[in-house]
Amino acid sequence: MTLDIEMAEIAKVFFQESREGLDAMESGLLSLGATADAESINTIFRAAHSIKGGAATFGFAEVAAFTHGVETLLDEMRNGIRPVTAEAIQTLLQACDCMRDMIAATEAEQPLDQTRIGLLNADIRQILGDPPEAVQAPAPVAPAAPAAPAAGWRIVFDPVPDLLRLRNEPTRMFHELALLGSLAACADVSRLPPLEALDPEVCYLKWDINLLGQIPRKKIEEIFDWVDPGCRLEIVALGEPVPATPAAAASPVLTIPTQSPAAAPAPAADTLRGAARADAVPKPAEAGSIRVATQKLDSIINLVGELLITQSMLSGFAEGTGPGEPDLLRKGLQQLARNTRELQESVMRIRMLPISFAFNRFPRLVHDLSRKLGKKVEIKLVGENTELDKTVLEKISDPLVHLVRNSLDHGLESPEQRVAAGKSDTGTLELAAFHEGGNIIIEVRDDGAGLNKPRILRKARERGLIAEDQDLTDEQIDNLIFMPGFSTAEQVSDVSGRGVGMDVVRRNIHDLGGAVQIMSREGQGSTVRIRLPLTLAILDGQLVRVGREIYIISLLAIVETIQVAADRVNTLAGRTEVFRLRNEFLPVVKLYEHFGIEPDSTSVAEGLLVVVEADGKRVGVLVDDLLSQQQVVIKSLESNFKPVLGIAGATILGDGKVALIIDVPDLIRSVASGRRTNSVRAA
Amino acid sequence: MAKSILAVDDSASMRQMVLLTLQGAGYTVLQACDGVEALELARAGGVDLVLTDVHMPRMDGITLVRELRNLPLYKYVPMLILTTESSQERKMEGKRAGATGWIVKPFNPPQLLATVARVI
């Protein structure tokens, strides 16, 4: 059945959509807090409502049944019948978790956790004030229909005057009735006005219908379903007298209140628990896929079109159509260059996702953690629409969690401590993302106690991370917390602080080609600043020449490039050369020594020093010449050749030659450790 | 010419299900994800039937029906609301806004087609 296959495909959309709906519910619930405005609750309600509707449509009855309770509670909240309490919000949050797991299990065709579902259901019922049995109660039904169908029915149909205006065609209904049995309809025209007074949009007629056959009453009611409210409709088994008074349904046309207080919707069927599902939903194949806005795709298709035009233009010239063409050829090539660049940018943009994908989990995390820690914390998200590469986004999530946990556990104080320090009892945690140059900056800021610099210094000395007599700036002291094996928490808690963490955070960020630093002020709070490249596939590079080799250094790592006079170069311990840059002595790294190649000159004074920085350390890299700056596409050496220390990857230059990209952090580490990189050269 | 149906739902899966079913039956389907978008689309005309969900952001289905009924172009166009509520009040609200009828969710493709066939 193709329809079944297609339905299964759509069910996948439903799963994805439900997850998004649950995220929306969760963030909505978290923002409810004390001030519960109707629109916020309405948004949460709508999300639950959609999930229920979809689940029922696609045959996931258990999800629909569970969501129904959640929806009912939200409905009562938005109608103001049920107060919005912290307990109710907590229960609803747990219900969100439960629904998320139910949906995941349904999608993976795994059994559901019935115990948990049952317990939560009971919680929700308790808030709703229903006895648990209510779940099993059948829907209230209309007055019982006669058990045995009659031989026929007499139907009196007296519609409202605007029946036709709403496009309820009596003829259509009569046709349907005629399909059920033998029909005889008699129109009462007594209300018809004279022709000049007749409004063609008004229905003046009423009907008396005889329908013969063994027909269930329900079938007839179904046909009149849409016109029933407001109309006079009597369906009487033939032989019974027609009641003289109009049916009850006729009266309340204009008196129905807009909202129906306490009208608990009928609970769903009772066969839901433990029911085996036969739906075959394929396993999700999410890894490696990405959802792209149509707009982005359109712009690429557009650019490819332009590229084709340029290409055909250029091949026209290649046919040799005559003299005087070089100018046009040059113009064509310029156009080609522009098209190519724009196309590249557009294609890169496909991989870009808003950082909200990473940020959205934090309100919940902060909510749960602050409860656990007994702290009051307000979370602010800034710049959630800032886009960055999907891979970077995925890899930055865990380090961010670490940083946020750390802020909550160590940074922000308890309400009492805050009040004692003259601050508001509620701490603020801010996650901000923005662009700066070709980078994206993510900041985790808190207004907590800040880092305790004396204690950090003491710890660092105790653990031998720094020398006893080493003098450090405030900034350097703060950044000691990123050293491996560092933890200042008085006692290890289960939230954070086992002495692993910050160094792992820093390593993860470095692996992404980024950098991290912390700034803090005692009593005022800390800011952790993460700088990341927008993408991992392209690098803004500086081409440098050493002898006949060309290497590439990331522009991000370059601080400046200088020429130093011989008198500013000193030799330490007869081996390591250092040079003075303003008030700092920096070691010189000779690439020719590192990579074992023949340079133009071995003298520092004759070459150029490219000052590069990583992990807060700087070195001067000696090269023969600076060439151009350009964007280079990074090719992995690891997948094409083998991993090489000191080299981050390779690229192919305009002339087809391979150039190696220098791994600056690794280069600097090798200086510190005295390690010599094996000689590598691009072939 | 194939009859044209405007399907309005904020849930992409529901829209796809409706789209698949109706297109399979030879209808032309226009889609909108909320009342505001639907109203915008509908102004262009050429819609023979409006199928709308009730709960949607920005503009709900009841308001959409009411707004459309006020447009001369939509005075006689049948409009059906998709609702999970079997409560009479919701249906009455829809009726008063000018809806022709309703389809109670969950429904399956044959039910949807049968209901659509009742009005166009």
Side-chain angles (χ1 to χ4, degrees), chain A residues 2-3 6-7 9-18 20-21 42-43 45-47 49-59 61 64 68 71 75 139 160 162 164-169 172-173 175-176 201 223 225-230 249 252-254 256-260 263 265-266, chain B residues 9-21 24 34 49-50 53-57 60 62 65 69 74-110 112 114-115 117-120:
Chain A
T2 53
L3 196 63
E6 280 164 330
M7 286 295 275
E9 280 297 312
I10 303 175
K12 279 194 210 162
V13 178
F14 162 73
F15 291 128
Q16 175 65 26
E17 189 174 77
S18 301
E20 284 163 17
N42 211 8
T43 308
F45 166 81
R46 260 198 322 262
H49 182 79
S50 292
I51 295 172
K52 186 187 86 170
T57 302
F58 296 108
H68 177 77
E71 185 202 16
D75 192 34
V160 288
D162 61 357
L164 303 173
R165 253 199 289 265
L166 301 185
R167 289 302 304 269
N168 292 115
E169 297 280 0
R172 186 269 304 166
M173 292 181 264
H175 276 302
E176 283 184 41
E201 293 184 7
I223 291 172
D225 188 23
W226 294 346
V227 297
D228 183 26
V253 187
L254 296 167
I256 298 280
T258 2
Q259 283 169 349
S260 57
Chain B
D9 202 308
D10 57 335
S11 150
S13 56
M14 287 300 295
R15 278 204 307 275
Q16 282 199 20
M17 191 257 201
V18 168
L19 174 84
L20 186 74
T21 308
D34 61 35
L49 167 67
V50 178
D53 188 24
V54 176
H55 298 287
M56 292 179 295
D60 63 57
I62 305 281
V65 168
R69 271 291 175 239
Y74 285 87
K75 205 166 171 183
Y76 304 110
V77 171
M79 298 183 204
L80 301 178
I81 53 178
L82 308 171
T83 171
T84 48
E85 274 127 307
S86 42
S87 80
Q88 205 62 17
E89 286 81 2
R90 181 70 63 194
K91 293 173 181 172
M92 284 303 304
E93 209 187 319
K95 275 309 261 200
R96 263 179 288 123
T100 308
W102 47 80
I103 307 174
V104 177
K105 289 198 257 186
F107 52 84
N108 58 33
L112 175 65
T115 313
R118 286 170 87 170
V119 284
I120 56 173

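Bear in mind that the values here come from a model prediction, so they are computed numbers and not experimental data. The chains referred to below are lettered A, B, ... by the order of the sequence lines, with proteins before strands, and numbering in each begins at 1.
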Self-check item: Among the listed options B/Gly94, B/Gly24, B/Gly98, the residue most often paired with chain A at heavy-atom distances under 4.5 Å
Solution: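 The residue among B/Gly94, B/Gly24, B/Gly98 with the greatest pair count is B/Gly98.
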Exercise. May I ask you to name which of B/Asn108, B/Leu80, B/Asp9 has the most heavy-atom pairs under 4.5 Å with chain A?
Key: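 Between B/Asn108, B/Leu80, B/Asp9, the count favours B/Leu80.
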Which atoms form the tightest heavy-atom contact between [X] and [Y], and what is the distance?
X        : Y        : value
A/Gly54  : B/Met14  : CA-SD, 4.3 Å
A/Ile223 : B/Arg118 : O-NH2, 3.1 Å
B/Ser13  : A/Ile10  : O-CG2, 3.1 Å

Any side-chain heavy atom of [X] sitting closer than 4.5 Å to one from [Y]?
X        : Y        : result
B/Pro57  : A/Thr43  : no
A/Asn168 : B/Lys95  : yes
B/Lys75  : A/Glu201 : yes

So what's closer than 4.5 Å to chain A heavy atoms on [X]: side chain, backbone, both or neither?
X        : answer
B/Phe107 : backbone
B/Val77  : backbone
B/Leu82  : neither

Quiz item: For A/Glu176, is it the side chain, the backbone, both or neither that has a heavy atom under 4.5 Å from a heavy atom of chain B?
Solution: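 Side chain of A/Glu176 only, per the 4.5 Å heavy-atom cut-off to chain B.
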Practice problem: Any chance you could measure B/Lys105, atom NZ, to A/His49, atom NE2, to the nearest 0.5 Å? | Solution: 5.0 Å
Quiz item: For the atom pair NZ (A/Lys12) and CD (B/Gln16), what is the distance rounded to the nearest 0.5 Å?
Solution: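 Rounded to the nearest 0.5 Å, the NZ-CD separation comes to 11.0 Å.
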Quiz item: For the side chain of B/Trp102 and the backbone of A/Trp226, is there at least one donor-acceptor N/O pair under 3.5 Å apart?
Solution: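 A pair under 3.5 Å: no.
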